[in-house]
Amino acid sequence: MITFFNTLTRKKEIFQPIEDKIVKIYTCGPTVYDFAHIGNFRAYIFEDILHRFLEYEGFTVKRVMNITDIDDKTIIGALKENISLNQFTEKYIEAFFEDIKKLRIKTDNIIFSRATENIPEMVNLIKTLLEKGHAYKKENSIYFRISSFPEYGRLSHFDFSKIKTGTSVDADEYEKESARDFVLWKGEKDDFSWDTEIGKGRPGWHIECSAMGMKYLGETFDMHTGGVDNIFPHHENEIAQCEMATGKPFVKYWLHCQHLMVNGEKMSKSKGNFYTLRDLLKKGYDPVAIRYLLMSTHYRDPLNFTEKSLQQAKNTVDRWNDFYRRIKFLNIDERKNEQISQQCIKTENIFRESLGDDLNISMALAGIFELMHSTNNSITENNINRENLEEISKIIEKVDYVLQVLKPFEDSIDAEILTLIEKREQARKEKDFSQADKIRSILQEKGIILEDTPLGPRWKQKK
RNA sequence: GGCCAGGUAGCCAAGAGGUAAGGCAGCGGUCUGCAAAAUCGCUAUUCACCGGUUCAAAUCCGGUCCUGGCCUCCA
């Protein structure tokens, strides 16, 4: 059984996709006007875990992520640099893909959909809304008429009769019938316009996700995700647009992840308290550790980012990899340990049940640590055989499809370093420990860490 | 003001009526020529606070305090 917390009902619900074994997910993606910060990536990592877990559970996942390449910020950026919108957004799109690759966020089986490539779909949706009387034209812009959707506020659980309207009113929105009405189509006011059946202009923000979601996933689909800051107004507006246009429910499950905090405050561009992935990599942090840190707190809890936690995450990831390396290269074949075999089965069950419980990752990880613990114990007690080790590495590899913390083994090494390792072994045999230690520290400076095992020295790259 | 999330050891973090998982760091022991890795042991009578319900509460109820978010672009 899989359950997810649905923002719509504020409850954990049993997950039942509309079509058996197929899950259709729309995930809100980046606006490509700058490098994404790690708060943004927290959301993408959460979605990545969700996606990978559903695949792990045997679902076929059909997923769309939008790339918002037309909005005020991208336009301002392009104007500032005096280049075309495409030229401007292209470099941030590229950067985005570089970054998510480093964070091991999957890109296969995902449709990355650019707003600028889906203008006709948006125009069609707006046309439908106009025809049905849920939208109206004022000046050259088109607005959604909220009064025609009585359920407005269902997702955010706002009672609009009790809420004051926002104070800031956009200059091009003064003609709205009601202050809450939101723009579907912004009438032409600069060069960034499309000439369409509904007039010259460009799409509003909310319409793009609706149009692209329905284009690829249908009028009703399983899941829609994003950060909690998208609940209102973005996702609320999407529901309004889609359900008024199609007369059908838009999305079954809404999942939202909490913010990444810095010094107790939301990490955001406007506050200036953000780290980009690039900032952290420049400081020498390991992208896998960053992934681990961002995924190891439950997605619905706020996570306070500190470099100290990042260091902790790095140590944990190192331990994980040390363990994996250990069992892969261990040359031991004593008697089979039935308890370990049992525990392997148990570990996988815990992993599945925990992630199936609204992605309880702490619990899932704890299960793996228990297995590591017992395995190490069994190794010390010589109570383990090759078959056990294979069972264990199989589990570790399997869960790693979801977690993505294992690193490839270093398979090549300089001949020069190899010679140094041999020289040190020779020195140790001759009990010339000062020479041996000297070589060891030289190697360390070169980023090679030595471990002396009963079976001879083992080396690893310093991480 | 309305709505929402959260407050559990030095740090991170599970648990949601049955007597505090796990990780990191630290300390002590084993192993080692010394390290590293591994391992063993120790590290919250207590879960923001105050009442209440119960045989039993970190978990339920009432109240209080604190932090953050949304209500305007935002993952």
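Lettering follows sequence order; numbering is per chain, from 1. Owing to the predicted nature of the structure, the values given are computational and were not obtained by experimental measurement.
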Check whether the aromatic ring of A/F369 stacks on the base of B/G22, taking stacking as ring centres less than 5.5 Å apart and planes within 30° of each other.
no

Please examine the side chains of A/R10 and A/F5, heavy atoms only from C-beta on, and report whether any two atoms are closer than 4.5 Å.
yes

On a plain distance test, is the side chain of A/Q312 in donor-acceptor contact with the base of B/C11 below 3.5 Å?
yes

Donor-acceptor side-chain pairing of A/D358 and A/Y299 below 3.5 angstrom:
yes

Considering residues, nucleotides and ligands other than A/K80, do more than 12 of their heavy atoms fall under 6.0 Å from its NZ?
no

B/G10 to B/A44 separation - C1' atoms, rounded to the nearest Å:
12 Å

Regarding A/S434 and A/D437, do their side chains bring together a donor and an acceptor under 3.5 Å, going by distance alone?
no

Indicate yes or no: at least one non-hydrogen side-chain atom of A/P302 is less than 4.5 angstrom from one of A/M261.
yes

Closer than 4.0 Å, any side-chain N/O of A/K429 to the OP1 or OP2 of B/G33?
no

Closer than 4.0 Å, any side-chain N/O of A/K271 to the OP1 or OP2 of B/G68?
no

OP1 or OP2 of B/C71 less than 4.0 angstrom from a side-chain nitrogen or oxygen of A/R180, does that happen here?
no

Check the side chains of A/N66 and A/R114 for a donor-acceptor pair under 3.5 angstrom, ignoring hydrogens and angles.
no

Checking contacts here: which listed nucleotide (B/G15, B/A75, B/C73) is nearest the side-chain heavy atoms of A/P233?
B/C73

Side-chain atoms of A/S362 come closest, of B/C11, B/A37, B/A21, to B/A21

Less than 3.5 Å apart, any donor N or O on the side chain of A/Q426 or A/E430 sitting next to an acceptor on the other?
yes

Can you tell which of B/C11, B/A35, B/C73 lies closest to the side chain of A/K308?
B/C11

Please state whether the base of B/C34 and the side chain of A/R440 form at least one donor-acceptor pair under 3.5 Å?
yes

Per the atom types in the model, does the base of B/G33 pair as donor or acceptor with the side chain of A/D437 at under 3.5 Å?
yes

A/K186 bridged to A/D72 by N-O distance under 4.0 Å
yes

Identify each atom pair where a protein N or O and an N or O of nucleotides 47-49 of chain B are less than 3.5 Å apart, giving names and distance.
none

Could you list the protein-to-nucleotides 38-44 of chain B atom pairs, N/O on both sides, closer than 3.5 Å?
| unit_1 | atom_1 | unit_2 | atom_2 | d |
| --- | --- | --- | --- | --- |
| B/A38 | O3' | A/N376 | ND2 | 3.0 |
| B/A38 | O2' | A/R326 | NH1 | 3.1 |
| B/A38 | O2' | A/R326 | NH2 | 3.4 |
| B/U39 | OP1 | A/N376 | ND2 | 2.4 |
| B/U39 | O3' | A/N377 | OD1 | 2.7 |
| B/C40 | OP1 | A/N377 | OD1 | 2.6 |
| B/C40 | OP1 | A/N377 | ND2 | 2.3 |

Donor-acceptor side-chain pairing of A/D400 and A/Y324 below 3.5 angstrom:
no

Pairing pattern in dot-bracket form [Watson-Crick, G-U; both distances under 3.5 Å; | = partner strand] for RNA chain B
(((((((..(((.....[...))).(((((.......))))).....(((((..]....))))))))))))....

